[in-house]
*Asks:* 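Mind having a look at this structure? Questions to follow.
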Amino acid sequence: MNVATNAPTRLRVRGLQVCLAGTNTDVVSEVDFDVALGEVLGLVGESGSGKTTVALSLLGYARRGLHITKGQVLLDGQEILGMPERELPALRGGRVAYVPQEPAAALNPVRRVGKQIDEILRVHEGRGSRGGHVAGRVHDVLSSVDLPTDRAFLRRFPHQLSGGQQQRIVIAMAFACQPGVIVFDEPTTGLDVTTQRRFLGLIADLCATSGVAAVYVSHDLAVVGQVAKTVAVMYAGRIVELGPTATVFETPRHPYTRLLMRAVPSLDKAEVMEGIEGQPPRPASRPVGCSFAPRCPGVGPECLSSPPVMVDLSASHRVRCVRVRSEAQRTSGRQVIPLVDSAQPGPAVLEVEGLRASFGTNEVLHGVSFRVPEDSCVAVVGESGSGKTTLARCIIGMHTNWAGNIRYAGEELSHGARQRDGDVLKKIQYVFQDPYTALNPRKTVGQLVAQPIDHFFGLARAEADARVVRVLEDVSLSADFLNRYPDQLSGGERQRAAIARALAAEPDLLVCDEVSSALDVSVQAMIIEMLRRLQAEHRLAMLFITHNLALVRGMAQSVVVLSQGRIVEEGPVEQVFEHPRDPYTIRLMSDAPRLSPAAATGSGQMPEFRADRATER
Amino acid sequence: MGDHPHAGAPQSADTGLGAARLSDPADGGREGGRYQPMFAGAGARRRAYARAHPIVSLVAGRTGQGIITLFLVSLVVFAATQLLPGNAARAILGFSATPQRIRALELELGLNRGWWSQYWGWLSGLPVGRLGASLANSEPVWRLVEPRLLNSAVLVAVSGVTGSVLGIALGAVAALRHGSLLDNSMTVGALAVLAVPEFVVAIGVVILFSTVVFHLFPGVSLLTPGENILQAPRLLVLPALSLTIVTIPYVYRMTRAATLEALESPYVEMARLKGVPRWRVLVQHALPNALPPTIQVVGLTFLRLAGGIVLVEEVFDFPGIGQGLVNAVTDRDIPVIQFIVVVLAAFYVVVNITTDVLALLLSPRRRIPT
Amino acid sequence: MTSATQSGRPAASAAASPNQLRRHEWLTLLHRAAASRRGAIGLSLAGLVALVAVVGAIWTPCSPTAFLYAPLQKPSVQALLGGDYLGRDVLSRVLAGGWVLLVMAVAATVIGVSFGAFQGIEAAYLGGRTDTVIMRGMDVFLAFPAIVLALLIVGTVGPKLWLIVLAVGLGHVPQVARVMRAAALDIAERDYVKAVELQGVKPTRIITGEILPNLVSPLMVELGLRLTYSIVIIAGLSFLGFGQQPPAPSWGNMISENRIGLQTNPWAVIVPAALIALLAIGTNLFADAVARAAIGADRQVEQAFVRTEAAKAAQ
């Protein structure tokens with residue numbers, strides 16, 4: 001049923017269903033897949049799709065409030081879901097291992113790392129064997145992931161390790177007992193692209209050499225493309241498309257997969273991203289028919305009557321869509337964004353000169369200079385720790401410990417927002433990274449958007465109200481939203497409301513700090529495209545800050561690459577993307593995962609990984 | 001998600017920062033509150049200024065704070081007892097005394113001196129036990145209070161330790177059986193007992209074990225002069241029982257909460273998914289993490305007992321400082337009030353420092369800097 | 001199960017609550033607390049005891065201070081609860097002896113919580129040196145157990161009722177200030193407050209418009225908790241003889257006076273003791289229900305409990 005390989009099937013999942021405890025409401029249902037020996041299956045889905053729930057079920061485990069109700073998980077033909085409670089410890093970590101999402105949280109803070117590795121060995125193979133044997137195995141396990149093996153290292157506590165080292169510890173634990181199956185649960189969240197690339201290489205390496213079957217859970221299609229040979233796309237608790245990664249990426253057949261691919265930003269071309277309207281239904285309120293029907297552009301009456309079943313398109317490619325054979329294939333590429341002539345930038349709205357910013361005595365920006373011309377978007381790209389958020393916060397006056405010059409329309413800005421005059425505060429607006437914390441939970445959307453209008457313009461009530469409605473329309477929120485509170489909104493709607501609040505002040509410069517990083521890909525695409533439209537319509541100058549290079553391509557006219565508090569490269573977008581000059585930029589470009597079908601080989605050979613060993617010590 | 005310095009623990013992973021951190025455990029990175037330095041370079045520069053071990057600096061800092069607190073406490077106590085309208089002379093002579101007689105006594109007690117001089121006289125006497133004489137019976141304050149101190153210390157120690165041990169045990173059991181009938185009934189029971197005033201519990205204990213229902217133990221803890229409570233342990237039973245009863249629910253609730261939090265943590269989930277057996281997950285993974293908050297609550301329990309003895313000792317006529325304080329307040333015996341209140345405040349400061357240091361020792365994340 | 005809930009965000013499913021809910025948050029909290037089982041039990045317990053006290057304030061079968069029976073007379077049809085150590089009617093004294101406690105407890109709570117909240121929020125928002133001075137000052141008062149602080153004050157000035165109310169209220173201030181400061185600091189650090197600050201809105205308007213509305217829940221929780229403590233401390237003081245002075249009846253001094261007669265007429269002790277206990281238990285159960293309604297699930301209440309307790313412990 002999967003990719004035709006000769007390797008025997010190691011893991012077989014049939015009809016898996018997980019419900020909210022004590023109810024018939026399924027969170028995950030009808031999950032079928034096989035994973036062969038040495039193969040990696042990628043399980044992709046947006047938040048709430050149930051991918052982590054499926055991953056944990058493979059260990060016979062459900063989180064609090066969930067209950068595995070139906071189905072089979074067969075490991076080498078042996079059913080594990082019906083296993084008695086006392087046999088589960090031997091299974092977990094021994095035959096099926098788990099690599100958690102956040103190693104920093106998953107490592108016990110009060111236990112030394114040596115002990116934590118030692119423990120898994122002792123639990124699974126230590127019985128009867130002597131301590132010396134286990135100590136030797138700890139050594140082997142650590143060296144297999146290129147970590148130091150000396151006593152001093154073993155005696156460290158998790159918080160004394162770097163993020164990358166913590167990641168390797170959990171990987172080492174997963175491989176320690178030579179399991180048959182390893183489940184990776186978004187293990188690269190929070191890593192920079194270079195570490196991620198090395199990490200993916202390491203996984204591919206270890207899986208190939210030790211012959212395990214792996215399930216790799218991620219929200220990131222491109223990441224999955226780098227490790228997985230087969231991919232399963234999940235939507236609303238069901239697998240909607242399953243097939244060889246290359247096939248699925250090249251010719252996606254489920255409407256959701258197709259739309260998802262069109263929402264992924266591209267590094268290599270400036271294209272219009274297309275988001276998906278609406279949001280996935282919650283477990284309790286899924287429709288009778290296809291769960292994707294409410295958002296599907298090709299929906300027909302047959303989609304609404306009964307839940308669709310999996311349709312075999314080939315021996316290895318299956319799709320859960322009743323119209324998959326009847327619907328016309330839409331193969332057109334995405335619309336390309338025309339190149340803006342950036343040869344003659346207008347006068348600068350914002351000029352930053354020799355900006356040095358510190359936390360206490362610790363300098364994090366070491367003399368940063370750039371300018372934002374009017375009516376144009378400048379992107380600041382940097383990885384976590386590069387100082388890009390600090391840069392944004394200096395500009396808006398939220399971080400006050402800085403030296404150098406920041407000029408707005410030729411005028412020097414004071415350090416803190418409190419010292420700046422009202423006009424400047426009005427003209428420079430900021431959109432926060434996390435829409436979940438940026439909106440006061442006690443205020444309605446209407447009140448939130450009205451606030452800057454009242455503060456800056458002092459209009460009559462009726463006029464102000466009309467303006468609120470207008471601004472909301474600008475961000476595609478209907479007047480229905482006026483009386484809603486933030487916790488009644490989805491993430492995307494919240495971010496729209498936050499952007500509306502910024503626009504309500506009628507700014508000249510909009511500073512957007514990682515505005516889409518808390519959102520799903522399909523929502524991110526809508527937000528980014530909206531910002532692009534708003535920038536053009538309102539002739540805004542925009543400072544667009546992100547860690548995601550691909551977003552920059554279609555968004556900005558010029559780009560500034562920030563690394564360790566310094567600008568390492570800057571220039572027009574086309575030039576920097578096509579001909580990067582700085583080694584850091586080059587590495588950033590080459591290490592970023594791409595969704596191009598060519599990348600979807602699942603081989604992931606990363607020879608440079610070993611070279612890293614010296615620096616890590 | 002973000003790169004603002006306080007946004008996340010996983011720092012810029014493998015960029016050589018790891019190497020810097022590994023080689024130098026005494027590296028900075030804690031200063032500046034939660035704004036951690038993000039770069040190896042900055043960390044390395046800072047390395048020259050090695051810092052005192054966190055335990056040393058914590059103990060030193062806390063002790064310093066404690067001394068300042070005690071100093072301020074002494075000021076408050078002094079101000080309250082000397083500068084408020086009811087001064088010592090009036091207290092001794094009663095409200096019907098003529099102004100002339102009050103003036104005369106004020107002269108005798110030195111109340112006519114400036115407040116600073118009076119305060120200094122009192123404060124300098126504190127550490128050496130030169131506390132003046134009781135206004136009620138002219139005996140030296142130290143001789144009056146000293147035997148009571150021992151009795152109260154025994155009472156607090158016995159009930160505090162018993163209550164903490166039982167509370168921790170019950171709390172851990174309830175957390176393990178979270179949501180069960182046992183857990184629910186114990187939790188509601190704890191909530192109820194937590195609210196009942198200590199003296200009502202003590203009265204209940206007297207009714208139950210000493211008078212109305214059973215006659216098992218004496219309901220009054222009268223010692224013969226010169227005897228201390230250790231020589232008459234039977235007299236300790238009911239007061240200690242009452243205080244234990246009020247202690248348990250507090251420790252129980254805290255332990256339950258802390259254990260639940262630990263049991264729900266990602267590292268406990270990870271331990272389960274590693275195949276660690278259930279009991280080992282509890283003992284080796286959950287409990288060590290639940291310990292620091294529990295220790296803090298045990299400290300708080302002892303502090304609560306410092307207030308609790310006042311009422312419970314009164315119920316049992318137990319000869320401790322609580323009863324001493326009540327008697328002194330009734331007699332408006334100001335030197336005794338001052339001394340006992342300062343002793344209780346000092347107890348507060350010492351317990352606080354101790355629990356802080358213990359909690360620090362038990363959490364590597366705070367003990368060993370990154 | 002979803003990434004949204006994993007990352008600790010409020011899941012969108014919690015959204016269904018009606019809008020008035022947030023307009024009169026304190027009312028809704030009370031309503032939700034009363035609707036929960038624990039809260040309903042607490043409210044009816046406390047309500048019952050309060051009813052006894054209120055009825056007694058208006059009507060008693062006989063004069064609570066008249067000597068009617070033999071000392072410590074056992075209960076009979078005429079004297080339902082018997083006589084006290086001086087032969088006064090226990091039932092009448094019980095009825096008459098509660099309302100002063102209730103009034104004092106409520107007054108002390110209101111004084112303590114409002115002053116404490118004001119200090120805490122002020123310290124949080126002004127920050128810097130003001131914060132340090134206020135909170136260090138509070139720490140000094142934390143060193144006194146509440147009852148000891150009250151005794152210290154009452155012992156010097158005399159057992160005046162207003163003074164007891166003030167002393168008990170003062171005893172709440174440092175704890176309340178600490179909790180409210182922590183809550184206010186937490187809110188003041190949120191992005192949504194920063195967003196308004198960046199517009200140059202005045203600090204006073206930020207406190208009233210952005211921060212205070214988010215402090216309604218912790219304030220309600222504190223009110224409930226402190227009310228329980230006020231009852232406990234004021235009853236205790238009255239037991240020690242520092243409350244209403246004889247011959248006026250109060251539950252606390254009845255327990256103290258009639259202890260000598262426990263063997264003969266235990267009801268003279270048991271009934272007032274039980275009323276105090278039920279009142280305190282009822283208030284505490286209701287306060288807990290309010291906390292639950294304010295914060296959410298059991299686990300979160302407990303976590304908040306751990307945090308506030310730990311905050312109290314760490315200076």
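Because the structure is a prediction, the values reported are computed rather than measured. Below, chain A is the first sequence line, B the second, and so on; all start at residue 1.
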*Asks:* Would you say the side chain of C/Pro266 lies within less than 4.5 Å of the side chain of B/Thr211, judging by non-hydrogen atoms?
*Replies:*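 Contact flag for B/Thr211/C/Pro266 side chains = no.
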*Asks:* Atom OH in B/Tyr348, atom CG in C/Asp139: separation rounded to 0.5 Å?
*Replies:* 6.0 Å
*Asks:* So for B/Val73, is it side chain, backbone, both, or neither that comes closer than 4.5 Å to the heavy atoms of chain C?
*Replies:*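 Contact with chain C: backbone and side chain both.
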*Asks:* Quick one: of B/Ile337, B/Leu303, B/Thr330, B/Ile340, who has the most non-hydrogen atom pairs under 4.5 Å with chain C?
*Replies:* B/Thr330
*Asks:* What part of C/Val140 lies closer than 4.5 angstrom to a heavy atom of chain B: side chain, backbone, both or neither?
*Replies:*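 When you check distances to chain B, atoms from both the backbone and side chain of C/Val140 fall under 4.5 Å.
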*Asks:* What part of B/Val315 gets closer than 4.5 Å to chain C, counting heavy atoms only: side chain, backbone, both or neither?
*Replies:* both
*Asks:* I'd like to know if B/Asp317 and C/Arg259 make a salt bridge, using a cut-off of under 4.0 Å between side-chain N and carboxylate O.
*Replies:* no
*Asks:* Can you measure from CD1 (B/Ile203) to CG (C/Leu262) and round to the nearest 0.5 angstrom?
*Replies:*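 Rounded to the nearest 0.5 Å, the CD1-CG separation comes to 6.5 Å.
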*Asks:* Hey, mind stepping through C/Phe141 and B/Val76 against side chain to side chain contact (heavy atoms under 4.5 Å, CB included) and telling me if it holds?
*Replies:* CA-CA 9 Å; C/Phe141 284 92; B/Val76 170; 4.1 Å; yes
*Asks:* Under the criterion side chain to side chain contact (heavy atoms under 4.5 Å, CB included), I'd like the reasoning laid out for C/Arg38 against B/Leu191: C-alpha separation, chi angles, the key distance, then a yes or no.
*Replies:* CA-CA 10 Å; C/Arg38 222 174 265 187; B/Leu191 213 52; 3.9 Å; yes
*Asks:* Step by step, work out the side chain to side chain contact (heavy atoms under 4.5 Å, CB included) result for B/Val310 and C/Leu240.
*Replies:* CA-CA 9 Å; B/Val310 174; C/Leu240 293 176; 4.1 Å; yes
*Asks:* Which heavy atom in B/Ala195 sits nearest to a heavy atom in C/Thr228, and how many Å separate them?
*Replies:* CB-CG2, 3.9 Å
*Asks:* Measure across C/Pro145 and B/Gly307 and return the closest heavy-atom pair with its distance rounded to 0.1 Å.
*Replies:*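 Between these two residues, the closest heavy atoms are CB-CA, 3.7 Å.
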*Asks:* Work out which heavy atom in B/Ala192 is nearest to a heavy atom in C/Ile281; give both atom names and the distance.
*Replies:* O-CG1, 3.4 Å
*Asks:* Measure B/Leu311 against the heavy atoms of chain C and call it side chain, backbone, both or neither at under 4.5 Å.
*Replies:*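 Both parts, backbone and side chain.
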*Asks:* Tell me, side chain or backbone of C/Leu151 under 4.5 Å from chain B's heavy atoms, or both, or neither?
*Replies:* both
*Asks:* For chain C, which candidate among B/Thr294, B/Ile68, B/Leu72, B/Asp333 shows the most heavy-atom pairs at distances under 4.5 Å?
*Replies:*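 Counting heavy-atom pairs under 4.5 Å, the top option is B/Leu72.
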*Asks:* For B/Pro197 and C/Ile276, work out which heavy atoms get closest and say how close.
*Replies:* CG-CG2, 3.7 Å
*Asks:* Might you work through the side chain to side chain contact (heavy atoms under 4.5 Å, CB included) test for B/Val77 and C/Phe144, ending with a clear yes or no?
*Replies:* CA-CA 10 Å; B/Val77 170; C/Phe144 304 98; 3.7 Å; yes
*Asks:* What heavy-atom pair brings B/Phe199 and C/Ile255 nearest, and what distance separates the two atoms?
*Replies:* CE1-CD1, 3.7 Å
